[in-house]
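These notes concern the structure reproduced below.
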Amino acid sequence: MISTWSEWKRYPRAERGENIDAPISPGIYEVRYASTGALHSFGAVDNVASALAMLTAGSKSWFSRRETIATPDLEYRTCATSTKADAKAAADRMIGRRETYMSGAA
């Protein structure tokens with residue numbers, strides 16, 4: 001079973017103590033650049049909240065004594081599903097529709 005997409009939410013900034021608001025269940029996530037709408041990442045996962053937390057866009061550099069790396073202005077949305085298989089099937093359908101649209105637009 002697939003629910004509907006959430007509203008777009010600003011990606012939290014760890015340095016401000018903000019948190020991700022996402023289901024702790026299987027589902028799909030989509031992250032985009034807020035300024036352009038360009039896709040940053042997309043996936044079907046077992047735990048949406050955990051997957052989004054792992055996508056943190058470089059809040060620290062590899063060398064801990066250096067400045068923090070600028071975080072891009074991202075926003076995300078989520079769609080919860082009953083199982084990872086449902087999430088994968090829905091993601092595959094979305095990718096297929098996007099490819100069909102893009103091939104027709106070319």
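The structure presented is a predicted model; accordingly, all values stated were derived computationally and were not measured.
- The two residues Gly27 and Ala87 have their closest heavy-atom pair at O-CB, 3.5 Å.
- Note on ring orientation: taking the six-membered ring where Trp is involved, the planes of Phe42 and Trp5 are tilted (angle from 30° to 60°).
- A donor-acceptor pair is defined here as one N or O able to donate and one able to accept, closer than 3.5 Å; no such pair exists between the side chain of Ser6 and the backbone of Arg77.
- Between Ile20 atom CD1 and Tyr76 atom OH the span is 6.0 Å, to the nearest 0.5 Å.
- One hydrophobic cluster, built from ILVMFWY side chains closer than 4.5 Å, holds both Leu39 and Ile95.
- Counting heavy atoms from C-beta outward, Leu52 and Val31 have side chains that approach closer than 4.5 Å.
- Val48 and Trp8 fall into different hydrophobic clusters, where Ile, Leu, Val, Met, Phe, Trp and Tyr are joined by side-chain heavy atoms under 4.5 Å apart, directly or via other members.
- Listed by first then second residue, pairs satisfying ring-ring contact (aromatic ring centres under 6.0 Å, His included) with a partner in residues 12-36 read Tyr33-His40, not counting sequence neighbours.
- Although no hydrogens or angles enter the test, the distance criterion places no donor-acceptor pair under 3.5 Å between the side chain of Lys9 and the main chain of Glu75.
- Arg93 CZ to Lys88 NZ: the interatomic distance, rounded to the nearest 0.5 Å, is 12.0 Å.
- Closest approach of Pro26 to Lys84, counting heavy atoms only: CB-N, 3.6 Å.
- Atom-to-atom distance recorded for Arg32:CZ and Ser41:OG is 12.5 Å, nearest 0.5 angstrom.
- Separation of atoms SG (Cys79) and CE (Met94) is listed at 6.5 Å; rounding is to 0.5 Å.
- Note that the CD1 atom of Ile28 and the OG1 atom of Thr78 stand 10.0 Å from one another [nearest 0.5 Å].
- Of the inter-residue distances, the one linking Asp46 atom CG with Thr81 atom OG1 reads 9.0 Å to the nearest 0.5 angstrom.
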